[in-house]
Chemist: 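Sharing a structure, written as structure tokens. Questions coming.
Only this structure's heavy atoms are used, side chains among them; waters, hydrogens and symmetry mates stay out. Because the structure is a prediction, the values reported are computed rather than measured.
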Amino acid sequence: MSRALPVKGDGPLASFALALRELREGVGGTVDAVVTRGASRTAVYAALSGSRLPSSQTLDLIVDTWTDGAATERHRWHERRRAAEEAVAEQSRLRGVAAPRRTPEEADFADQLRALWEACGRPATETVARHCEVSARTLDSYLDGRTLPTPERLDQVLIGLASVWGIDEADESPLRETSPTERLREALLRARAARKEERARVRELATALPGGQPEATEHAAPAFNWFGPVRGVLPGHRFEDRRALVRAGVHRQLMAGIAGSEKLGAESVILVGEPSGDEDHGDVIIYTGEGGAGDQQLTRGNAALATSASTRAPVRVVRRIADASGVHAYRYDGLYAVEDYWSEQGPRGWRVWRFRLVRKVPAEQGVADSAQLEEADGPGLVGGMRSSLSVQRVVRSTAVANLVKQIHDFRCQVCGVRLQLRDGRAYAESAHIRSLSHGGTDSIGNLLCLCPNCHVLMVGGMLVVNDDLTIVSRADSTVRGVLRETPDHRVDRQALAFHRTLRGMPEIERGVDT
């Protein structure tokens, strides 16, 4: 007997589901009969309950099972499905929601996956799921074209299909052919790239739709500026769980500790305590990047933090806290700036990326003044936490820095540029090769005279200097020239070696001279 499911809502999905139920009841059809033909049980029940529209493949199996399977009957149901899909899209548009379209590349991948599934005998997704690390519901979403797998997930799907087919006993298995599976993998890469572009288009379109974006609900994060303070959230605000952070827009990741993009920078980070290897000194944080077993890479969240070091965009910091009973919660502790980053050997022997975050002054925390912070957190509190740190200010030697500039007549040691100001004075910047925060000194050998552009590139690790003073650009591995050195200013080679190691490049291979 078919189970009775309530129909969800009263919109176009519900109307389509009710029509399917009338068809089933009129002929006495069952879900089991449709599943026997190769449909996913989950997909059929979802269509009958109004959770989602069935895919074209699932709809064909339903119509063939509960009707005579005539072409006119199929066409009629496909037209009804198309009308329901358009009605759902129109409802979203009127609410001011920018809905992503299904790209042709995504459709092509779903078609190829279904074709391979057909060639393997159209096994039930529940059966395949028992032989791989992908659930039947997720397999349904791949076959319906609603979601895209990662390349790793696709490999799991192929493993499941091979296990069900019995690839070891059957030489005629379609999975023995390399070309179909390789074409499927290539189609997935194209589909994922097209999906990324479509999401970017939707973000740009969102604010241009009638009515704008919908107001925040219990399950959706509100619209807000990606970087900087969140309206209505002051430092010290407590959140019960990660979902509450997402809904408020403070940290828009349920799992990852870094939220942001490689191109624009990091929006926020979460400090979870000792297991992560972070060093939390209150106003100063040494944050350990993300990455599991093996060496960490300067990609994804780590690359986002590195971008923030260049853009100087503020990063929201959230700390995980525990009350007296041991229950964990989260506290927003204000805006920090990424001042430096480097790679080093981690405790397990793997290379990790480390980021130095420094708290911004109260006037930069998105509130009117420090009095407002005191009103929220109490006198002497910043971010709900009284600082018990004794801060030691690093004193830089202005005299030594000026001496280095004078030796080089304010001319950049890298590019040779000398900047002349309107009043006739020249301008240059002094740069530590090994920064004071990493144990460097104000000795003359540890300082360089640079123009602002080369200073930024050196600090960001895009320019590195070999022991023979050749300057290598990490952007294209070309030699930019030779660092100028004089008898009065000998550059410390050990400091240069430290700078290369800090940027994860202990030995730099030189390319073609430019």
Side-chain angles (χ1 to χ4, degrees), residues 227-228 235 251 257-260 262 264-291 295-320 333-347 350-362 364-365 382-383 385 387 389-396 429-442 446-447 455-464 495 498-505:
F227 301 98
H251 186 77
I258 306 172
E262 297 184 14
L264 299 177
E267 306 169 21
S268 55
V269 297
I270 291 184
L271 275 69
V272 297
E274 289 296 328
S276 64
D278 300 332
E279 298 177 20
D280 189 355
H281 305 292
D283 289 343
V284 178
I285 299 166
I286 306 300
Y287 188 85
T288 302
E290 64 183 15
D295 292 340
Q296 291 183 356
Q297 305 299 318
L298 197 60
T299 57
R300 303 177 64 178
N302 297 338
L305 281 171
T307 300
S308 294
S310 300
T311 64
R312 310 301 294 172
V315 179
R316 294 184 296 275
V317 168
V318 177
R319 287 178 169 87
R320 189 175 70 169
D333 280 339
L335 303 178
Y336 284 64
V338 183
E339 290 206 342
D340 197 4
Y341 66 97
W342 64 93
S343 65
E344 64 182 39
Q345 207 77 10
W350 296 320
R351 185 160 292 278
V352 299
W353 283 95
R354 306 267 273 168
F355 303 86
R356 185 173 183 266
L357 284 71
V358 178
R359 188 195 301 273
K360 287 184 168 291
V361 298
E364 299 176 297
Q365 294 293 340
V382 177
M385 175 180 58
S387 174
L389 297 176
S390 174
V391 180
Q392 182 180 4
R393 182 174 178 268
V394 176
V395 180
R396 302 174 185 269
E429 296 179 354
S430 62
H432 288 83
I433 304 172
R434 179 170 184 166
S435 66
L436 301 182
S437 60
H438 291 122
T441 65
D442 271 325
N446 191 43
L447 286 168
H455 190 178
V456 171
L457 292 175
M458 283 287 291
V459 171
M462 294 307 295
L463 291 180
V464 290
F498 180 86
H499 179 264
R500 294 195 299 269
T501 303
L502 187 66
R503 301 305 172 191
M505 305 291 289

Chemist: Any chance you could measure Ile258, atom CD1, to His251, atom NE2, to the nearest 0.5 Å?
Modeler: 8.5 Å
Chemist: If the condition is side chain to side chain contact (heavy atoms under 4.5 Å, CB included), which residues does Ala303 pass it with, not counting sequence neighbours?
Modeler: Glu262
Chemist: For the CD1 atom of Ile433 and the NE2 atom of His499, what is their distance to the nearest 0.5 Å?
Modeler: 8.5 Å
Chemist: State, to 0.1 Å, how close Phe227 and Ala313 come at their nearest heavy-atom pair, and which atoms those are.
Modeler: CD2-CB, 4.2 Å
Chemist: Indicate yes or no for a side-chain donor-acceptor contact from Asn302 to the backbone of Glu290 under 3.5 Å, with no hydrogens or angles considered.
Modeler: yes
Chemist: For Val317, is there any backbone N or O sitting under 3.5 Å from a side-chain donor or acceptor partner on Asp333?
Modeler: no
Chemist: List in chain and number order the residues that pass side chain to side chain contact (heavy atoms under 4.5 Å, CB included) with Gln345, two or more places apart in sequence or in another chain; answer none if no residue qualifies.
Modeler: Arg351
Chemist: Is there a side-chain contact between Leu271 and Tyr287, using heavy atoms and a 4.5 Å cut-off?
Modeler: yes
Chemist: Taking atom CZ of Arg312 and atom CD of Glu339, what is their separation to the nearest 0.5 Å?
Modeler: 5.5 Å
Chemist: On a heavy-atom basis, which atom in Leu305 and which in Val338 lie closest, and how many Å separate them?
Modeler: O-CG1, 3.7 Å
Chemist: Between atom CG of Leu457 and atom CE of Met462, what is the distance when rounded to the nearest 0.5 Å?
Modeler: 7.5 Å
Chemist: Can you name the residues that form a side chain to side chain donor-acceptor pair (under 3.5 Å) with Thr441, not counting sequence neighbours?
Modeler: Ser443
Chemist: Specify the closest pair of heavy atoms between Ser268 and Val315, including all atoms of both residues, with the distance to one decimal.
Modeler: CA-CG1, 3.8 Å
Chemist: Could you tell me which non-hydrogen atom of Gln296 sits nearest to which non-hydrogen atom of Val352, and how far apart they are?
Modeler: OE1-CA, 3.6 Å
Chemist: Rounded to the nearest 0.5 Å, what separation is found between the CG atom of Asp283 and the CG atom of Leu357?
Modeler: 12.0 Å
Chemist: Can you see which heavy atom on Ser430 is nearest to which on His455, and at what distance?
Modeler: O-CE1, 3.7 Å
Chemist: Angle between ring planes, Tyr341 versus Trp353, binned at 30° and 60°: parallel, tilted or perpendicular?
Modeler: tilted
Chemist: With rounding to the nearest 0.5 Å, note down the distance linking CG in Asn446 to NE2 in His432.
Modeler: 6.0 Å
Chemist: Look at the side chain of Asp278 and the backbone N and O of Thr288, then say whether any donor-acceptor pair between them is shorter than 3.5 Å.
Modeler: yes
Chemist: Taking Tyr336's backbone N and O only, do any of them form a donor-acceptor pair with Arg316's side chain (distance below 3.5 Å, no angle check)?
Modeler: no
Chemist: I'd like to check the side chain to side chain contact (heavy atoms under 4.5 Å, CB included) partners of Ile286; sequence neighbours left out, ordered by chain and number.
Modeler: Glu279, Trp342, Arg354, Arg356
Chemist: Kindly write out the residues that satisfy side chain to side chain donor-acceptor pair (under 3.5 Å) with Ser308, not counting sequence neighbours, or none if the list is empty.
Modeler: none
Chemist: So which heavy atom on Gly260 is nearest to which on Ala304, and how close?
Modeler: C-CB, 4.3 Å
